[in-house]
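All of these numbers come straight from a predicted model, not from anything done at the bench.
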Amino acid sequence: MVKHDDAQLDLVFAALADGTRRRVLTQLEQGSHSVSELAQQHAMSLPGFMKHLAVLEAAGLIARSKQGRIVRCTLEAEPMQEAAQWIAHYERYWNAQLDALGRYLYHEEQTCTQANTPEKSASSAITPSVPTKSGARGPSRKR
């Protein structure tokens, strides 16, 4: 497995755990935006929104730059790639586990099918009796 910085991964996963922060990252996929442009999309106070940006910045998921009085944010995807590599390792693990389970269940099904299939013998070759006709079905009608 690739060695990862646990503290950095903790920050990335904590940042991605919140829907507001994920939406901010989605907005930044289109390019850099000012803080006010990003904040307009969310129904919260500016100080509350700034806390979300601080979490994203601490995780290394965004970079801030100041141009005059305007603070702009830009997406930094590198930490998400490391998190994706970590997840991919466990995806391979679970795929291997599920493949092994599938093979086991297939083997069990084949074993049970073979055990439940009766062998042909003279006693199993009895011909079923032909049904006889009885009277009309349902209640009889008197006229």
Side-chain angles (χ1 to χ4, degrees), residues 1-134 136-141:
M1 180 174 154
V2 177
K3 286 286 186 183
H4 296 285
D5 180 8
D6 285 342
Q8 180 64 28
L9 278 176
D10 290 347
L11 291 172
V12 170
F13 285 122
L16 295 174
D18 184 81
T20 298
R21 294 190 284 265
R22 289 191 306 272
R23 286 188 295 277
V24 168
L25 294 174
T26 300
Q27 286 175 270
L28 291 174
E29 286 178 6
Q30 309 304 317
S32 71
H33 290 281
S34 69
V35 170
S36 60
E37 290 172 338
L38 292 170
Q40 286 175 346
Q41 303 296 318
H42 306 278
M44 63 178 63
S45 67
L46 188 58
F49 184 74
M50 295 300 287
K51 289 179 182 180
H52 286 290
L53 292 182
V55 170
L56 290 169
E57 189 173 28
L61 294 171
I62 65 168
R64 292 191 214 194
S65 61
K66 192 169 184 178
Q67 299 168 343
R69 294 183 347 187
I70 298 174
V71 177
R72 298 190 73 71
C73 296
T74 307
L75 177 66
E76 298 290 327
E78 181 66 28
M80 283 189 282
Q81 291 173 344
E82 291 180 29
Q85 289 173 355
W86 186 87
I87 290 171
H89 168 77
Y90 286 98
E91 179 182 20
R92 287 188 298 275
Y93 168 78
W94 282 110
N95 283 338
Q97 295 298 315
L98 292 172
D99 288 345
L101 177 61
R103 287 189 300 274
Y104 172 78
L105 292 174
Y106 178 77
H107 175 73
E108 287 295 307
E109 181 181 29
Q110 294 301 314
T111 303
C112 289
T113 302
Q114 290 172 0
N116 291 335
T117 304
E119 294 188 26
K120 296 284 182 181
S121 66
S123 63
S124 65
I126 300 173
T127 307
S129 61
V130 178
T132 59
K133 289 190 176 183
S134 60
R137 294 185 183 184
S140 62
R141 292 186 186 177

Which donor-acceptor pairs under 3.5 Å do the side chains of residues 45-67 make with protein atoms, sequence neighbours left out?
{"unit_1": "S45", "atom_1": "OG", "unit_2": "G48", "atom_2": "N", "d": "3.2"}
{"unit_1": "H52", "atom_1": "ND1", "unit_2": "R21", "atom_2": "NH1", "d": "3.1"}
{"unit_1": "E57", "atom_1": "OE1", "unit_2": "R64", "atom_2": "NE", "d": "3.1"}

Show me the donor-acceptor pairs, under 3.5 Å and distance only, between side chains in residues 96-103 and residues at least two apart or in other chains.
none

Show which side-chain atoms of residues 27-37 pair as donor or acceptor with protein atoms under 3.5 Å away, not counting sequence neighbours.
{"unit_1": "Q27", "atom_1": "OE1", "unit_2": "H42", "atom_2": "NE2", "d": "3.0"}
{"unit_1": "S32", "atom_1": "OG", "unit_2": "R72", "atom_2": "NE", "d": "3.4"}
{"unit_1": "H33", "atom_1": "ND1", "unit_2": "E37", "atom_2": "OE1", "d": "3.4"}
{"unit_1": "H33", "atom_1": "NE2", "unit_2": "Q27", "atom_2": "O", "d": "3.2"}
{"unit_1": "S34", "atom_1": "OG", "unit_2": "S36", "atom_2": "OG", "d": "3.2"}
{"unit_1": "S34", "atom_1": "OG", "unit_2": "E37", "atom_2": "N", "d": "3.1"}
{"unit_1": "E37", "atom_1": "OE1", "unit_2": "S34", "atom_2": "N", "d": "2.9"}

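Here T26 pairs with nothing under the side-chain hydrogen bond (donor to acceptor under 3.5 Å, both in side chains) rule; sequence neighbours left out. Considering only residues two or more places apart in sequence or on other chains, E109 meets the side chain to side chain contact (heavy atoms under 4.5 Å, CB included) condition with Y106, T113. Partners of R23 under the side-chain hydrogen bond (donor to acceptor under 3.5 Å, both in side chains) rule, at least two apart in sequence or in another chain, are T20.
Smallest separation of non-hydrogen atoms from L9 and A83: CD2-CA, 3.7 Å. Listed here is the closest heavy atom pair of R22 and L16: NH1-O, 2.6 Å.
Using a 4.5 Å cut-off on side-chain heavy atoms (C-beta onward), E78 and E82 make contact.
A 6.0 Å sphere centred on CD1 of I87 holds more than 12 heavy atoms belonging to other residues, nucleotides or ligands.
Taking the six-membered ring for Trp and the full ring otherwise, the centers of Y90 and W86 sit less than 6.0 Å from each other.
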